[in-house]
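Counting starts at 1 for both ligands and their atoms, in listed order. Note that these values count all heavy atoms, side chains included, but never hydrogens, waters or copies made by symmetry.
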Amino acid sequence: MVRNIVVLGGSSHPELVEQICIKLGIPPGRITLSKFSVGETRVEIQDSVRGKDVYVIQSGCGKVNDNFIELLITISACKTASAKRVTAVTPLFPYSRQPDIPYNKVGAPLAKAGIQKDNYTFESRPGTPAPQPDGAGSAGPPAGQLEHKLSRLALDKDRGSGTTPSSPSLASRPSFLRRQHTGSEIIGSTKRDSQKVVYANGTSDWDQHRQPGYKQWVAQAGTLIADLLTCAGADHIITMDLHDPQYQGFFDIPVDNLYGRPLLQRYIQTKIPDYQSAVIVSPDAGGAKRATAIADALGMDFALIHKERRPTKITDRQNATMMLVGDISGRVAILVDDLADTSNTITRAAKLLKDRGGATKVYALITHGIFSGDAIARINASAIDQVVVTNSVPQHENVRGCPKLKVLDVSSMFSEAIRRVHHGESISVLFKYD
Ligand SMILES: O=P(O)(O)OC[C@H]1O[C@H](OP(=O)(O)OP(=O)(O)O)[C@H](O)[C@@H]1O
């Protein structure tokens, strides 16, 4: 039994909290989590945490935003109730998958043919919006100035092409500020009705007339999430298989990033017959390091799927082209990845491995089985023979709906990490695997 310690569970994963507490030999701390009718989170800690070492367990799953706010409020409540130290235990770290900048179909935004070397910039264009003197400091071009310039441009163009404008009022506006059908149905518009029209195909007038080389400003929330946790009062973070291990650098408090690798490796050794003749496959370049580490440790061959991600929108990721590098013909393929969200990556990879690569069987070993939306149905219908995930997020429902799914328990790993952090012992022993 560990003393002077309080483990509090958030709403995201009660079973894991229970399992961790059983292994630590302590009851979970009493906490009431509820919502006001407006939807705001309410946290009440019933046990005294004064002078205690507190661990708040909350995984980045389910209602991620609500759960994250709940975690922040709980940490802050412990701090203001005089806890000695508060550690956020986030088996799946929320927001760890940083958004990527969308690519154009023809390649990266600034790598287009025709752009002269001296003619480009790595700054986003137009620059980051700054407050305007007239108060119009919102994202997008300064209305008056730009509209005037564009009106002139449109007039010049209309004159040059010899077309007769249908109405003088329309002609005085640039073509992209005119409401017109271009084969797409107009489905809505913003407040500034005359300036933005959204078409059924998801594009807007702004999209259709975006400057070549324009790079969208995509929020990357890493530092903000780290700051929110430390601001709330977190003194330490324990997590597992961060999608991007560099995320640790956003914090100025200790971050222990446990590895799911020992569990996955043990599964391969004990459950996959003749595993040494199988091939470890990374479904994208991002996970290659993780997968090669397992292949090297077990003396197995390695293959890589190159995910050519050239969709125009982030939401188009499933359309990325996949290419297999390596020989898996007539062999068992073991896909290794850190997370499966929509499961598009693993199901498409499995199809490629069987159809093109000639794999006899496909396993997918994933640390975080998020399985959003119809991910489970997609796996059931896919060429994957078996999916193995950890319970870093709840898997009860998923197991019921997916006979191919096997779950590995991470509660021992987290309870041991908590025990060691509490006693000030090294946790590097948890990173060892043979
Ligand atoms: O189940 P899915 O919805 O297909 O998502 C899973 C994929 O997403 C992540 O990679 P990401 O696409 O972010 O690329 P990266 O590894 O290069 O960051 C992750 O490493 C998986 O490969």
Here the atoms of ligand 1 under 4.0 Å from any heavy atom belonging to T345 are 2 (P), 4 (O), 5 (O), 6 (C), 7 (C), 22 (O)

For A340, the atoms of ligand 1 under 4.0 Å from one of its heavy atoms are 1 (O)

For ligand 1, does [X] get within less than 4.0 Å through its side chain, its backbone, both, or neither, judged by non-hydrogen atoms?
X    : answer
D284 : side chain
D337 : side chain
D338 : side chain

Should we say atom [atom1] of [X] is surrounded by more than 12 heavy atoms from elsewhere, each under 6.0 Å from it?
X    : atom1 : result
K23  : NZ    : yes
K271 : NZ    : no
K351 : NZ    : no

- prompt: Does at least one non-hydrogen atom of P283 fall below 4.0 angstrom from an atom of ligand 1?
  reply: no

query: Are R348 and ligand 1 in contact, using a heavy-atom cut-off of under 4.0 Å?
result: no

Do T230 and F250 come within less than 4.5 Å of each other through their side chains, counting heavy atoms only? no

If we ignore angles and hydrogens, is there a donor and acceptor under 3.5 Å between the side chains of E70 and T41? no

Practice problem: Anything under 30° is parallel, anything over 60° is perpendicular, the rest tilted; go ahead and classify F251 against Y247. | Solution: tilted

